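Predicted, not measured: the structure shown is a model, and the values here were computed from it. Just follow the structure's listing: the first ligand is 1, and inside any ligand the first atom is 1.
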Amino acid sequence: MKLKRSSRLVDMTAYLLRHPQQVISLSYFSERYQSAKSSISEDLTIIKENFESQEIGRLQTQAGAAGGVCYMPYMGLAEVERLLGTLRQQMTQKDRLLPGGYLYMTDLLGKPAYINAIGRLIASVFIDEKLDAVMTMETKGIPLAYAVASQRSIPVVIVRRSSKVTEGSTVSINYISGSSKRIQTMVLPRRSLKEHARVLIVDDFMKAGGTMKGMTSMIQEFGAEVAGMAVLVETKEEQPKLVDRYVSLLKLAIPDRQETPIIENGNVYDWLPKQHVNPTNV
Ligand SMILES: O=P(O)(O)OC[C@H]1C[C@H](OP(=O)(O)OP(=O)(O)O)[C@H](O)[C@@H]1O
């Protein structure tokens, strides 16, 4: 389709936003818009400058025959602070505290606006990491895993508590879930991960870290690698956790006999890549 530059810029931007982390050749855009590569290159420079000034993401150019341009989403610091502030405000409600030191978050995990923003933030933290898959443990971590994976155009791998005849042969490991101090089982179909795959593990909540530790063991069973670990909320108690070097967006503290949870920022600011300057007020 032959478009004038302003329409080309809108269509190209929409195309890039719909194909995160995918290398798109200049030839593709040149044919799509029936325009010279030099015009396309100028267009991409305009988009890149706007993406970066508006903190929407990076537009990386890759040289060579298989080269092209790749949109890598990231969330700017101002948006990070707004998102964490909103989540803290939503979670600091008296009736969210559950027996056993849990926090009711299912309503928040079910809101696309929240879960997609949380996915974009976690993807921002790992923007410089090569990732082949996102792993989570059924059930509440699943929306979060898809939100992160969609920012990187990579698959989600869901670990279950028991094997299903509909998933073929499986690998099964036992782990101690710190929450319940009981030996539990994790199961993953053999087809899920290739050797040397780099896997980001995400979950909605971390108490003792046993579930996260179990998933790292599962990844090792497949000869794959843990590229990182991220949770939406960790508990301030149950320290030290059974894993270290994980990212947490928020931290739950439960003061004695107080019914209202205290929600603080987790360690995410320590993990944000260099283009985010750490705020002074956290
Ligand atoms: O750090 P740990 O002590 O291992 O606990 C974290 C677990 C517990 C909880 O899952 P559940 O609520 O048990 O299960 P589901 O997500 O299926 O509701 C949460 O989603 C993490 O997976």
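At a heavy-atom cutoff of 4.0 Å, ligand 1 is contacted by the side chain of Asp203 but not by its backbone. Residue Lys207 touches ligand 1 through backbone and side chain together, judged by heavy-atom distances below 4.0 Å. Within the 4.0 Å heavy-atom criterion, neither part of Lys213 lies near ligand 1. Residue Glu138 touches ligand 1 through its backbone alone, judged by heavy-atom distances below 4.0 Å. When non-hydrogen atoms are compared, ligand 1 lies under 4.0 Å from the backbone of Thr211 as well as from its side chain.
The shortest separation from a heavy atom of Met137 to ligand 1 is not under 4.0 Å, leaving the residue out of contact.
Salt-bridge annotation for Arg58 and Asp128: present, with a side-chain N of the basic residue lying under 4.0 Å from a carboxylate O of the acidic one. Salt bridge Arg120/Glu79: present, at least one basic N to carboxylate O contact under 4.0 Å. Looking at Glu167 and Arg191, no side-chain N of the basic residue comes within less than 4.0 Å of a carboxylate O on the acidic one, giving no salt bridge. By the 4.0 Å N-to-carboxylate-O rule, Arg5 lies close enough to Glu42 to be salt-bridged with it.
The distance from ligand 1 to the heavy atoms of Ala208 drops below 4.0 Å at these ligand atoms: 1 (O), 2 (P), 3 (O). Heavy-atom proximity to Asp204, at under 4.0 Å, picks out these atoms of ligand 1: 19 (C), 20 (O). Those atoms of ligand 1 that come under 4.0 Å of a heavy atom in Arg161, given as number and element, are 11 (P), 13 (O), 14 (O), 15 (P), 17 (O). Atoms of ligand 1 found under 4.0 Å from any heavy atom of Met206, numbered from 1 in the order shown, are 1 (O).
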Item to check | Residues Ser35, Arg8; criterion side-chain contact (heavy atoms from CB on, under 4.5 Å); working and verdict | outcome: CA-CA 10 Å; Ser35 301; Arg8 226 172 40 224; 3.4 Å; yes
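The cationic atom of Lys241 (NZ for Lys, CZ for Arg) does not lie both less than 6.0 Å from the six-membered ring centre of Tyr246 and within 45° of the ring axis.
Aromatic ring centres of Tyr28 and Tyr15: separated by under 6.0 Å.
At a 3.5 angstrom cut-off on N or O pairs, Gly209 counts as close to ligand 1.
Exactly one residue among Val125, Val226, Ile122 makes a side chain to side chain contact (heavy atoms under 4.5 Å, CB included) with Leu200. That residue is Ile122.
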